[in-house]
Each structure stands twice: as C-alpha cells, then as structure tokens.
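Structure first, commentary second.
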Amino acid sequence: MKGSDNQEKLVYQVIEDAGNKGIWSRDIRFKSNLPLTEVNKILKNLESKKLIKAVKSVAASKKKVYMLYNIQPDRSVTGGAWYSDQDFESEFVEVLNQQCFKFLQSKAEAAKDSKQSPMIQRNSSLATSHEVWKYICELGISKVDLSMDDIETILNTLIYDGKVELTVIAAKEGTVGSVDGQMKLYRGVNAVLLPTGMVRTPCGLCPVFDDCQEGGEISPSNCIYMTEWLDF
Amino acid sequence: MTAQEVRLCGLLLQEHFGEMVEKVGTHLLKSGAQNLRMILHETGISLDLLKKSLCVLVQHGACVFSSGRKGPGSPTEYRTSCDRILRILRYPRYIYTAKTLYGDTGELIIEELLQRGHMTMSSTVKTVADRLTQNMEDGRSMDYNDVSNSFSNLVETHFLQRCPPPPRAGPKESATPAPPPVPGTPTPPISTALPTAESFPECYKVPHVTLIGRGKRPLSSEDVDDQRNAKKAKMDSETHGDEGICWQVNFERFHLHFRDQAIISAVANKLDQTSSEIVRTMLRMSEVTTSPSATCTKPLSANEIFRSLPTNYNIARPILDQYLTLLVDDPMEFVGKAGESGGGMYVVNMHRALANLARATLESVVQERFGSRSARIFRLLLRKRHLEQKQVEDFAMIPAKEAKDMLYSLLSQNLVQLQEVPKTPDYAPSRTFYLYTVNQLPTARMLLQNCYKTVANLIERRLYESKESKRLLEKSQRIEAILASLQASGAEPEQLTEVEEMITAPEKQQLDALRLHINKLDSAENQVDETIFLIESYVNSTTTTS
C-alpha cells in the first residue's frame, strides 16, 4: 500500500467494506465524496496494482461492481450455480431436471412392483430432498457443488411440469435432511388426463386459428394443415 | 348464444334436418322468442313450409312454445336454445353408452328415440323389434316382451323420461299452428312457466301396455299385395293403452354417466385400478341419492363401501381403509373425508374433480400448442396466482429471453393476463408492478368457444370434401345399384366383373381416400366433443355454485 495517497486509501476502505457483494462506482463516489474523475483515476490505479477487480453483475449486464481482488463474488452477483460467466446454463438445468425425474420415477416403479399394501407402496415411492441431493452428488454430473436448495429449485420445476408431487411432513430436528423441523418429500406421478380431444385436430394447434373464416383466404375448405393431416 | 355456437347449430340442423329447418332454426336463435307472423315476415318462407319446420323443431325438443309476453291472449311465441341443438353432436356417444350398458336392444331403442324425437312406447317397441328381427337368422324373431323389458330398464335408471305436456294454446287459434303431433293429448291447464320433464310427477312411470307379438320381417316382393294391406290395416287399428304418452331421451342422466366415467378414468390414470374401482362403487351407490348439480355425493361410510364392492375384488377391510386414506390425501381431491362414524364417512367431490379435469385439459392444450416449457410457465402461474416477470424466470428456470418470449405469446393468445399494481397514484409505468396471472374460468370459456369453432370447421371440411367428389360418389352409387339389380336377377360372373371394371383403379383409390378422410373427420368431431363435454360440465358447475 506504499505509494498511495489518502484518497486511494479511502476508496480502498469503501470497497473493502462492501465485502463480497461489491460496490458500484456511483456508490463509491457518494461514500467518499470525491469527484467522478478522481474516483475513476483511483479505480484504474488500484486495478493495475491488482488490489481490486471488477465483476459484471448477472442482473444488469452493463453494471460493474468492484470488490477486493481475492474475494469470491457473492451468489446474487454471479447468479449462483446456474450461471457460468453470465450465461444461464439451460442445458445443465435440463440434464439435472431429467436425472432427478428418472430417479423419482424409478423409485415409484420399484414401489409399485413390490406389490405390498398400498400405504407401504406409496411411502416407499417417496424420496426426501436430501436423498435426491445425495444421488445427484454421487452421479457427478455437476462441476459446481450443488446445495440442497439448488436441488429443491430443480425439483420445483419438475412440480411445475406436472411430473412430481410434493408433500411436507414434520420431522424431528436432527434427522438427516430436515430444515426447520420439516422435510420435503417428492414422488413421481402419472398424468391425470391423456392429451385432450381438441389437440388431436389440426384446428387445436393452428397458428392462424383466429383468422380462419368460411369463404375467406384461410378457411376450412382450403386449409393446408387439414389436407396434410387427412393424408397422414 | 355466441356467433360460433350459432354457426355450429346451423351446420348441425342443416345436416340432420335440411335447409329449411336450418333457416328457421338459426333465425330463431339469433332473434330470440318470436311469434309466427314475425318469423314469417322476417324469413320470407311460405307459411306451409314454416309450419312444417317448426313442427320438426318442436318434435325434437329444440323449439319450445309458450303464450306470448303480452299475456295469455297474445299469439304463442317460439324460442330455441343452443344447448339442445348442440346435443345432436353427442348422439353417437349416447348410442354407444346405451349399447355398452343394455346391449343391442338398448342401443336400438335409444337410436330410434333420438331419430324421432318423441315416440310412444308401443311404437318404439314395435319398430325396434322389427329391426332386430331383420338382423336375425331366418325363422327367428324378436319377442315384444324382451324389448319392453329393455325399455322398462332404461326408464327405471332414468335414461328415458316422459315428455312434458305442452302448455295450452291461446284462444286465438288462427295465429297459432297446430300443437305438436301427439295423438290425443288432453289439454292441461295454462301455466306461465314452461314445465320441464322432471316437474311432471309421473315422468318415470312406465305405462301399462298390452303388447303381445313378435317382430315382423320386411315382406319380400313375392307376397300378395292385398294380403299385406289387410295385415297392415289390422296392425294400425290395435291400441295398446298408452296413447298420448310420449317418451324422450333424458340427456342429463347420460351426462351424469359421462361425468362419472371421466372421474373414474382420471383416478385410474393417476392412481391405480383398485382405487378407480372403489370410486366407481361409491359413485354407483350415490347415483339416485345425489342431485345432478350437487357439489359432492352424500357421505358413504366405509362399511357400506366395503359391502358394496364387486365380489371379484376381495380386498381386506384394512387395505380398503388404506386405499381410502390415499384417495383422500391425493392432491387432486377426488375423495374427501366427511366424518368418522361408521368407520369413516367419505364423499366424492364432484365440483373439485371437474375443476381439476378442466385444469388438466387447459394445461394439455397449452402443452400441445406452445411446448412443454410454456406449459411449465402456465402451470407455475396457475399454482402461484400472481408473479412478476423476474419471478417467473427464476421459478421456471428458463433463460430470461426465452421466458419473455413465451410469456408474450401466451399473453397474445389471451391464455395469460396482465395485472397492474401501481405503487404511486399516477400509473407511471416505471413505478407499477406488472403481474402475470391465469384465470381458470374465463380461459375455460374461451377454450369452449374455440372447440365449437373447431367442430364447425371439421363439419365444413367434411361437406367440402363430399362436394368435391360428388361426381365420383354418384358414379359409384350408380354402379352399386346396377350390381345389386344384376345379382338379384341372377347374372353371370362375367357381366358382374364387366360392371365392376367401370370404376377405374385410380378412381377406386380416390374413393378409398375419400372414405378415409370422412371417417377421420367424423372421429375428430367426436374427440373434440369429449373436450366440449368436460369444459361445459366445469363451466356449468361453477355457475350453479356461484
């Protein structure tokens, strides 16, 4: 730190106070009461001395936050396990999604084949979020360490896909996987309804359904989708 | 009475009854209740044809008439309703259900009644017996008693009901047409409200009919003509003790049956076969004790259910209790627990089940139309009610750009709505929350209208295809007629093959393709009708509770 003057020391202090969330350049200006040009010069100086670094925030891609060089950025800035270099890793999420679903589905099938009483069947098809987390960790498909919360967000997307059901039960503190005295249990489910009749016709999926009028340019008589479907 | 419904009703009337009836029917649908003179004036059809068309509509229950709005002295007014005409779409399903429940006899009874609208029991029995006898081997014929028994069974389970007596026509006879052709109806007292079939206390009582005989085969042309005439005269002069009592099909009862079927198959898909059998037993026990629009069935105790299970399902009593507990715990809420007496009182939640089935239908439409990720967003919004754009992206784990795209396309199709929540009194866009939400009921109504339009499109396409190949169809019909006459008069095989070869091979191919197309379009109409039924039941169930 030799060779730096008081202003630089002040800016460095402000950035250190921000911890691992980093601080925006405008906020540095407010806290240190220095003019903009001064602040920018100091920041460039500190960066070249490798004392601070700039990290792009995933929420607003134009915003740069500054933090000390050797600190790991916080999850809210980098986006956590799902973002690598500001890009949302959708394939990674898809793979995890499918793996979790397969695990729950095979558990449900094993329970069904066991042919015991229905209550036991149902209970053995349930899996806690902890079990799923352990399974995914052991699979080793993830380069990044995933926490149980991450796995729970993946399992939530499976619920929104309609493939998995959630039950919450009360559990003793201290049992493996319990959070705040409750455990989340998941099980794979079947669909309640087959694809409904409406979507088996071309009209159910037609992109120009609203423009279709008898006698118009797009009409049932000259519908190309219908012609293709009838010859199928 | 939306535009789509009117269009579909018009197409159905035209196909089943002809153009004149269609004209009268659509006019009445669009203009509400009108008296004869007004209809005459506005449609410009001759009085004779108009009277006949109205008779056809009344005979089938599509049109009802009552004394006018200005009082008992004014001319009678006629009105039609969409619902009754849209039932025509469902006739195949009714006939098929009757066949599965009551065999061929039941099927033919329902078919005859659907075709004729209203008929007396004796004429139904005679016609059905004749038709069955036609299909049997030579020397055997159908006894009237068997058919009467089937008829009584259908009435006992409320699938058939008596027609309500019509309100008395006003004193101004000149302006009103003849009442519907029901022979010998006594004039009932005037009532301002239209009586429904159910309000008539004896609507399910089978009359005492003296019907002895067997079905007759159609006589071949070798019989002497005057022998036939003599027989015919004797048949017509017999009376059977039930003149004036006409029967019609009770559509509501069929709908209850379809609804029960839908719930049972949903349980079978979600859980397993045994659970669906338990639910089937519960529904069967509550068939006659529950009113059609009830939210849930009457409570049934576990003991009763155990006793009423079919005998080939011998599951132990504790296992039954476990199944019932699992059914109650299921998030779909098909079955609920209503108390602890008698080993646990259980009800089937009708309205809840219908709402869940309608929701599954909506989700399946979104999935097929927009893809599984859009379906994920849709389900997410259904569960969480109101969400901001950022929250949608986070919960659904879809990249921001794609999520935005999908949300906007769902919004443009009106499947998803936007709710503005302002932070400041001026609705400044930068200071308001924009929340996405899904309203199940309005979305279901919109989907219902789309279904009506789809069926109308399918019917029009079918008519178009037939019209295009009219020349070819006529040619094939002529050739079939020539073949039949040649075969009847005993021609040689060479002549037959010569006639057959008048249709060339590509024409035959075209004919086969046409037949395939028309069958496909027909079955597609039935499939869409299943969707229509589910959503209609859901919408009707919400209107009765609200």
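Each chain gets a letter, A, B and so on, in the order its sequence line appears, and its residues count up from 1. Note: hydrogens, waters and symmetry copies are ignored here, and every other heavy atom, side chains too, is used.
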Where does [X] contact chain A at under 4.5 Å (heavy atoms): side chain, backbone, both or neither?
X: Asp330(B); answer: side chain
X: Arg462(B); answer: neither
X: Glu465(B); answer: side chain
X: Lys384(B); answer: side chain
X: Glu530(B); answer: neither
X: Thr454(B); answer: both
X: Ile459(B); answer: neither
X: Ala360(B); answer: both
X: Ser275(B); answer: neither
X: Ala524(B); answer: both
X: Gln413(B); answer: side chain

Next on the checklist: Around atom CZ of Arg317(B), are there more than 12 heavy atoms from other residues, nucleotides or ligands closer than 6.0 Å?
Outcome noted: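 It does: Arg317(B) CZ has more than 12 such atoms within range.
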
Checklist entry - Taking every heavy-atom pair that is under 4.5 Å apart, which of Asp161(A), Ile159(A), Leu205(A) has the most such pairs with chain B? => result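 Among Asp161(A), Ile159(A), Leu205(A), the one with the most close pairs to chain B is Asp161(A).
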
How long is the straight-line distance from [atom2] of [Y] back to [atom1] of [X], given to the nearest 0.5 Å?
X: Ser364(B); Y: Leu194(A); atom1: OG; atom2: CG; answer: 9.0 Å
X: Asp394(B); Y: Asn156(A); atom1: CG; atom2: CG; answer: 12.0 Å
X: Glu460(B); Y: Cys212(A); atom1: CD; atom2: SG; answer: 8.0 Å
X: Cys203(A); Y: Lys453(B); atom1: SG; atom2: NZ; answer: 8.5 Å
X: Arg200(A); Y: Gln527(B); atom1: CZ; atom2: CD; answer: 4.5 Å
X: His517(B); Y: Thr227(A); atom1: NE2; atom2: OG1; answer: 8.5 Å

Tell me the closest heavy-atom pair linking [X] and [Y], and the distance in Å.
X: Trp229(A); Y: Leu521(B); answer: CZ3-CD2, 4.0 Å
X: Leu230(A); Y: Lys520(B); answer: O-NZ, 3.7 Å
X: Pro220(A); Y: Asn457(B); answer: CG-OD1, 3.3 Å
X: Glu368(B); Y: Val199(A); answer: CG-CG2, 3.6 Å

Next on the checklist: Tell me which of these, Glu468(B), Lys270(B), Arg376(B), has more heavy-atom pairs under 4.5 Å with chain A than the rest.
Outcome noted: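 Option with the top pair count is Arg376(B).
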
Item to check | Polar side chain donor-acceptor pair, Thr196(A) to Thr361(B), under 3.5 angstrom | outcome: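 There is no such pair between these side chains.
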
Next on the checklist: With a 4.5 Å cut-off on side-chain heavy atoms, are Cys223(A) and Arg461(B) touching?
Outcome noted: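 Yes, at least one pair of side-chain atoms sits under 4.5 Å.
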
Item to check | Minimum side-chain heavy-atom gap Met198(A)-Ile532(B) below 4.5 Å | outcome: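 No - every pair of side-chain heavy atoms lies 4.5 Å or more apart.
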
Next on the checklist: Restricting to ring-ring contact (aromatic ring centres under 6.0 Å, His included), what partner residues turn up for Phe258(B), sequence neighbours left out?
Outcome noted: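 Testing Phe258(B) for ring-ring contact (aromatic ring centres under 6.0 Å, His included), a comparison that skips the adjacent residues, returns Tyr94(B), Phe533(B).
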
Item to check | Side chain / backbone / both / neither for Asp231(A) at chain B, heavy atoms under 4.5 Å | outcome: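 Looking at Asp231(A), backbone and side chain both touch chain B.
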
Item to check | Proximal component of Thr201(A), with respect to chain B [non-hydrogen, under 4.5 Å] | outcome: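 For Thr201(A), the side chain is the part near chain B, not the backbone.
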
Checklist entry - Going through the distances and angles, do Arg373(B) and Tyr160(A) end up as a side-chain contact (heavy atoms from CB on, under 4.5 Å)? => result CA-CA 10 Å; Arg373(B) 291 165 118 198; Tyr160(A) 305 135; over 6 Å; no

